[in-house]
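The structure under discussion appears below in the form of structure tokens.
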Protein chains: 2
Amino acid sequence: MNANSSRPAPAAAGRPSPTLEDLALAAGVSRSTASRAINGGSKVSAQAQAAVDAAIVALGYTPNRAARSLVTRRAGSVALVIPEPDARVMMDPYFAAVIMGVNEALRETDLQLVLLMSRAGDDSARTIRYLRGGHVDGAIVVSHHRADDWVESLGATGLPTVFIGRPWDTESGIPYVDLDNFEGGRLAARHLSGAGRSKLATIAGPTDMTAAVDRLQGWLQGLREAGLQPGPVIHGDFTTAGGADAAARLLAEAPDVDGIFAASDLMALGVVDTLRGKGRRVPDEVAVVGFDNHSIQAANGLGLTTVAHPMADIAAAAGKLLVDAIANPGELPEPVIYPAELVVRGSSVA
Amino acid sequence: MNANSSRPAPAAAGRPSPTLEDLALAAGVSRSTASRAINGGSKVSAQAQAAVDAAIVALGYTPNRAARSLVTRRAGSVALVIPEPDARVMMDPYFAAVIMGVNEALRETDLQLVLLMSRAGDDSARTIRYLRGGHVDGAIVVSHHRADDWVESLGATGLPTVFIGRPWDTESGIPYVDLDNFEGGRLAARHLSGAGRSKLATIAGPTDMTAAVDRLQGWLQGLREAGLQPGPVIHGDFTTAGGADAAARLLAEAPDVDGIFAASDLMALGVVDTLRGKGRRVPDEVAVVGFDNHSIQAANGLGLTTVAHPMADIAAAAGKLLVDAIANPGELPEPVIYPAELVVRGSSVA
DNA sequence: GGCTTTAGTGGGAGCGCTCTCACCACATGG
DNA sequence: CCATGTGGTGAGAGCGCTCCCACTAAAGCC
């Protein structure tokens, strides 16, 4: 296609990349005019603009981010903070979806995504120091637990911050994007009761995450509305193995259960596995509803009834919110809540 | 787009972060000495060092990365390049493991991880321009396909680059870290033949990835050594759904198969699922061996025999290799190959 | 005519840092 | 005695960029 743009600057070792000065010289204008042309300045004549554009192509010019950052006082990057200490939980494809979504939102901007993962306690200090150090223009925080109180203090630093998933402290008005987890839990309860199940139980998520709490509250509310007993509540850790364990405990406690709501598809997978291992037929004897609408659930033979959780979309929305917040500092955007939707498949209906 | 970026000030916060000048003043030394103290300079007296250290704490000083970058001509960051166009494949926990591993390797350095994902064709041009623009000090490329030829040209730009997984073009001497995929495939073949299976088949991965090709070659070699027929080879896409599909095709082609090697655990999950759906007992009628030793495989009721693939370790090794390559430019490190190990579980032995 | 306005331009200054270099004191060696 | 280190220091020069301000030329208005 374009011959001279194919190899602008291989330049092993020696040749330093052209500076704005070089560009201005090549275009026959001043450094100031070149800068204006690059940044879409309004006060540039058509021919100056054209000359600069041509010179950019000819020289393969790329602005030096560091120099620009230094004077604009903008880092040109945003952090994705994952305060997740456990490598196993990190394996959850949830994070992959989040990363993709945020990346998607940043595509049109010239912001780059910096990953910040903290594990041990000491690391969180390091993370917050980094965030406050002005090394990024904003932050997106995902999957934070109640113990991660430092995260909330971010809002006070003036660094634009958006949460994915409702934070524990909504008082501070930090914007966030989330699924309507409460409604999701409620939908699960309504669905199972509507399918004629009455001895219901749930494998809930960890109590230190708002998503888990909301799903559980919604579930209990749904049962109440259906006039059913709340039934056993076992807590798992959102993983497959955790779901399998929890199901075993559940069966010991309530052998006559005929419907289970697992607060994640991964746990639901473990639940189905345990049920089958104990000889219970799904959905005939026990109906199972999951949460997330993971692609992995296809492995289940029968499809898994679940609550859709468009994680990538949610992450992308959070990314856009952050971009806006950076552009218009001061104004706090409203939280965005995605509606919950039930996807009915074979695991809950005969 | 953002032409109205006329906001140089750090917005609300007010308090501008202290500069090196402030630090030097507080410590009662010169800017030069303060700089030396910060960067572990050898020519600093004990008391000057102590004074600077104290001032750092007192002021909460953080060096301005942009200013430092500008003069040192180092970006202070490395890119993790994921040339993966398909969101669904991205869901593979593989990437989470890679990200964690690389992050781990970078922990001790002050390099930050920048994520670069390219999807459509146009994006790859953008990506390579970014990489050549000197915005990062090095790059790690993961999961690259044969069509991503631009990736290989990176080596010629002088940008330190390390591959995770053997690249197609090893001539250029680009360092890489990989699992011994060939041996892994061979182990699978030896294991199944050793277990008395003789009507063997494999669900291989995509032909445009070296890992898939190597596993297949190893498998075929192993069969040859055992004196068995190569048997059917069906190609999947490493996903669960792809594995299920491939298994269905396989059963149509070779209904009497008694052992299947799936080149990923995700595919193996789909295979087991399809087998059960068709009423074949695993492992009694058909033994299954996977690849990767995913945690997800626990969902399978019986454990899945598989080839261990320490992805996080491999990624961490790649990270270290890159850090070394950045520190010592010019010398190309040798590739690192991790040995393959078989993990025997219930899916292949009665 | 004198003025203001306006579109466009170029010359500086300086962002916060590192690094070279000159410099000083005090050792050591001839 | 001078020559030669040697550990420690500080002043100054930029790195490449954006932005403020002074400036021009052409146009508009009384």
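Below, chain A is the first sequence line, B the second, and so on; all start at residue 1. Side chains included, hydrogens not; waters and symmetry mates left out as well; all remaining heavy atoms used. Please read these numbers as outputs of a predicted model, since none were measured by experiment.
We find that CZ of A:R31 is positioned 9 Å from C1' of D:dG16, with the value rounded to whole Å. In this structure, the CD atom of A:E21 is 10 Å from the P atom of D:dC15, given to the nearest Å. What separates CD1 of B:I38 from P of C:dC19 is a distance of 12 Å, to the nearest Å. Between A:K43 atom NZ and C:dG10 atom P there is a gap of 15 Å when expressed in whole angstrom units. When the P atom of D:dT18 is taken as reference, atom CG of A:N39 falls 5 Å away, rounded to whole Å. The separation between A:N64 atom CG and D:dG14 atom P is 18 Å, rounded to whole Å. Atom CD1 of A:I56 and atom P of D:dC17 are 11 Å apart (whole Å). Rounded to an integer number of Å, the gap from A:Q49 CD to C:dG8 C1' is 13 Å.
Remark: the backbone N or O of A:A316 is not paired with any side-chain donor or acceptor of A:E104 at under 3.5 angstrom. Remark: side-chain polar atoms of B:N328 are not paired, donor with acceptor, to backbone N or O of B:A325 under 3.5 angstrom. Although no hydrogens or angles enter the test, the distance criterion places no donor-acceptor pair under 3.5 Å between the side chain of A:R68 and the main chain of A:P63. At least one donor-acceptor pair under 3.5 Å links the side chain of A:N39 to the backbone N or O of A:S35.
The residue A:T19 sits close only to the backbone: its heavy atoms come under 4.0 Å of sugar-phosphate atoms, none of a base. Across all strands, A:A66 comes closer than 4.0 Å to no nucleic acid atom at all (heavy-atom distances).
Note on B:Y61: every side-chain N or O is 4.0 Å or more away from OP1 and OP2 of C:dG16. For the OP1/OP2 pair of D:dT18 and a distance below 4.0 Å, the side-chain nitrogens and oxygens of A:S35 include at least one atom meeting the criterion. Note on A:S30: a side-chain N or O is less than 4.0 Å away from OP1 or OP2 of C:dG10. For the OP1/OP2 pair of D:dT9 and a distance below 4.0 Å, the side-chain nitrogens and oxygens of B:S45 include at least one atom meeting the criterion. For C:dG10, one of the phosphate oxygens OP1 or OP2 lies less than 4.0 angstrom from a side-chain nitrogen or oxygen of A:T33. Close to C:dG16, at under 4.0 Å from its OP1 or OP2, lies a side-chain N or O of A:R73.
Atom CG of A:L113 and atom CE of B:M117 lie 7.0 Å apart (nearest 0.5 Å).
Comparing A:A67 and A:G28 by the nucleotide of DNA chain C whose heavy atom lies nearest to each, the residue mapping closer to the 5' end is A:G28.
Which of C:dG11, C:dC15, D:dT9 sits closest to the side chain of A:L70 comes down to C:dC15.
Under 3.5 Å, the side chain of A:R36 and the base of C:dG10 form at least one donor-acceptor pair of N or O atoms.
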